[in-house]
Asker: 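Below is a structure I'd like to ask you about.
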Amino acid sequence: MAVTYMTKFRGKLTLGMTLIAIMLAFALAWSLLGSQEPAPVPPAPARPETPARPKMESLSLIELEDGGKRWTLDAQNAEYLKDQDEIRITGIKVEFFGEGGRVLKISCEEGLINTKTRALTLKGQVLLQEGDLIIRTGEVHYQPKERLLLAPEGVVLESPRIKVRGKGLKVELDQKRLTLNEHQSTQVQMQGRDWPL
């Protein structure tokens, strides 16, 4: 009987051992299969984001002196360039005010405002208009201390009867004076005909 008991005990041990061996083999196979999968790729280090420049849909400025307007500016879009102390603007209309209700209007495509000096640079099909006088040029600079407009490029001055071409226009707003440094041509219209001078 002792032999039979041992055989039964051995049979139970063998069955239990077999089950444990199968479970260990399964766990080992599972761990081996799991280790063959590619390791997850670590996320790329986050790039530091460059701060977005403040943008505005529109911009309106008014410069006052002694309670009166010196100039007003309206722009369709504006972008503040802090590191350069400038505001980049597009779709621009400026009005300079003088004595007796005089208004010089300027429109152009783009420009810059210096936030420290308040100087303006206006570019791209610049059109100046006062009454029936129209001036066309590519670039105008406004110097606020002197209240001076400078157009270094070629300019065309037109009124109903005269057309003048030249270069280097200077407009002194307070003195109501316009100077053309380099004259190129003048056309005068007399009785429906152009007379070049």
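All heavy atoms count here, side chains included; hydrogens, waters and symmetry mates do not.
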Asker: Would you give the length of the straight line joining atom CD of Glu109 to atom CG of Leu127, rounded to the nearest 0.5 angstrom?
Answerer: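 Between Glu109 CD and Leu127 CG, I get 11.5 Å after rounding to 0.5 Å.
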Asker: Phe97 and Thr72: side chain to side chain contact (heavy atoms under 4.5 Å, CB included), yes or no, with the steps?
Answerer: CA-CA 9 Å; Phe97 299 94; Thr72 62; 3.7 Å; yes
Asker: State, to 0.1 Å, how close Ala119 and Pro144 come at their nearest heavy-atom pair, and which atoms those are.
Answerer: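 That closest heavy-atom pairing would be CA-CD, 3.8 Å.
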Asker: Looking only at atom types and distance, does a side-chain atom of Asn114 sit under 3.5 Å from a main-chain N or O of Lys116, one as donor and one as acceptor?
Answerer: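 Yes: the side chain of Asn114 pairs with the backbone of Lys116.
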Asker: Might you work through the side chain to side chain contact (heavy atoms under 4.5 Å, CB included) test for Ile135 and Leu169, ending with a clear yes or no?
Answerer: CA-CA 10 Å; Ile135 303 169; Leu169 176 71; 3.8 Å; yes
Asker: Are the side chains of Val156 and Lys163 in contact, using a 4.5 Å heavy-atom criterion?
Answerer: yes
Asker: Between atom CZ of Arg136 and atom CG of Leu157, what is the distance when rounded to the nearest 0.5 Å?
Answerer: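 Spacing of CZ (Arg136) from CG (Leu157) equals 11.0 Å.
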Asker: Show the nearest heavy-atom pair for residues Pro160 and Gln189, with the distance to one decimal.
Answerer: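 In terms of heavy atoms, the two residues are closest at O-OE1, 3.5 Å.
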Asker: Quick one, Leu104 and Trp71 - any side-chain contact, counting heavy atoms below 4.5 Å?
Answerer: no
Asker: How long is the straight-line distance from CD of Glu79 back to CD1 of Ile87, given to the nearest 0.5 Å?
Answerer: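 These two atoms lie 10.5 Å from each other.
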Asker: Is any side-chain heavy atom of Leu73 closer than 4.5 Å to one of Ile89?
Answerer: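 The answer is yes; the side chains approach within 4.5 Å.
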Asker: List the steps and the verdict of side chain to side chain contact (heavy atoms under 4.5 Å, CB included) for Tyr142 and Ile106.
Answerer: CA-CA 11 Å; Tyr142 172 63; Ile106 302 178; over 6 Å; no
Asker: Verify the cluster assignment for Leu133 and Val164: are they in a single hydrophobic cluster under the rule of side-chain heavy atoms below 4.5 Å apart?
Answerer: yes
Asker: Give a yes or no on whether the backbone of Asp85 and the side-chain of Thr115 come within a donor-acceptor separation of less than 3.5 Å.
Answerer: yes
Asker: In terms of hydrophobic clustering (I, L, V, M, F, W, Y; side-chain heavy atoms under 4.5 Å; direct or indirect links), are Leu173 and Leu178 co-clustered?
Answerer: yes
Asker: Does some side-chain heavy atom of Arg147 sit less than 4.5 Å from a side-chain heavy atom of Arg70?
Answerer: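 They are in contact (side-chain heavy atoms under 4.5 Å apart), so the answer is yes.
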Asker: For a 4.5 angstrom cut-off between non-hydrogen side-chain atoms, does Val155 reach Arg165?
Answerer: no
Asker: Exactly one of Ile62, Val103, Asp74 should register a side chain to side chain contact (heavy atoms under 4.5 Å, CB included) with Glu95. Which one does?
Answerer: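 The side chain to side chain contact (heavy atoms under 4.5 Å, CB included) with Glu95 is passed solely by Val103 among Ile62, Val103, Asp74.
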Asker: Before giving the answer on side chain to side chain donor-acceptor pair (under 3.5 Å), spell out for His141 and Glu139 the whole-Å C-alpha distance, their side-chain angles and the decisive distance to 0.1 Å.
Answerer: CA-CA 7 Å; His141 301 275; Glu139 184 174 334; 2.6 Å; yes
Asker: CD of Glu172 to CD of Glu146: how many Å apart, nearest 0.5 Å?
Answerer: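 Here the rounded value is 10.0 Å.
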Asker: With sequence neighbours excluded, tell me which residues meet salt bridge (charged side-chain N to carboxylate O under 4.0 Å, His left out) with Arg102.
Answerer: Glu130
Asker: More than 12 heavy atoms of other residues, nucleotides or ligands under 6.0 Å from CD of Gln125: yes or no?
Answerer: no
Asker: Examine Leu120 and Leu148 and state if one hydrophobic cluster contains both, with Ile, Leu, Val, Met, Phe, Trp and Tyr joined whenever side-chain heavy atoms are less than 4.5 Å apart.
Answerer: no
Asker: Does any part of the side chain of Val140, heavy atoms only, come nearer than 4.5 Å to the side chain of Leu150, both counted from C-beta?
Answerer: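 Side chain of Leu150 against side chain of Val140, heavy atoms only: no contact under 4.5 Å found.
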Asker: Only one of Leu128, Leu122, Val126 passes side chain to side chain contact (heavy atoms under 4.5 Å, CB included) with Leu149; say which it is.
Answerer: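 Testing Leu149 for a side chain to side chain contact (heavy atoms under 4.5 Å, CB included) against Leu128, Leu122, Val126 leaves exactly one candidate, Leu128.
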Asker: Nearest 0.5 angstrom please: Glu86 CD to Leu112 CG, how far?
Answerer: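 That separation rounds to 4.5 Å.
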Asker: Does any non-hydrogen side-chain atom of Arg118 lie less than 4.5 Å from one of Lys145?
Answerer: no
Asker: Can you check side chain to side chain contact (heavy atoms under 4.5 Å, CB included) on Asn181 and Lys167, steps first, answer last?
Answerer: CA-CA 6 Å; Asn181 289 336; Lys167 194 172 182 180; over 6 Å; no
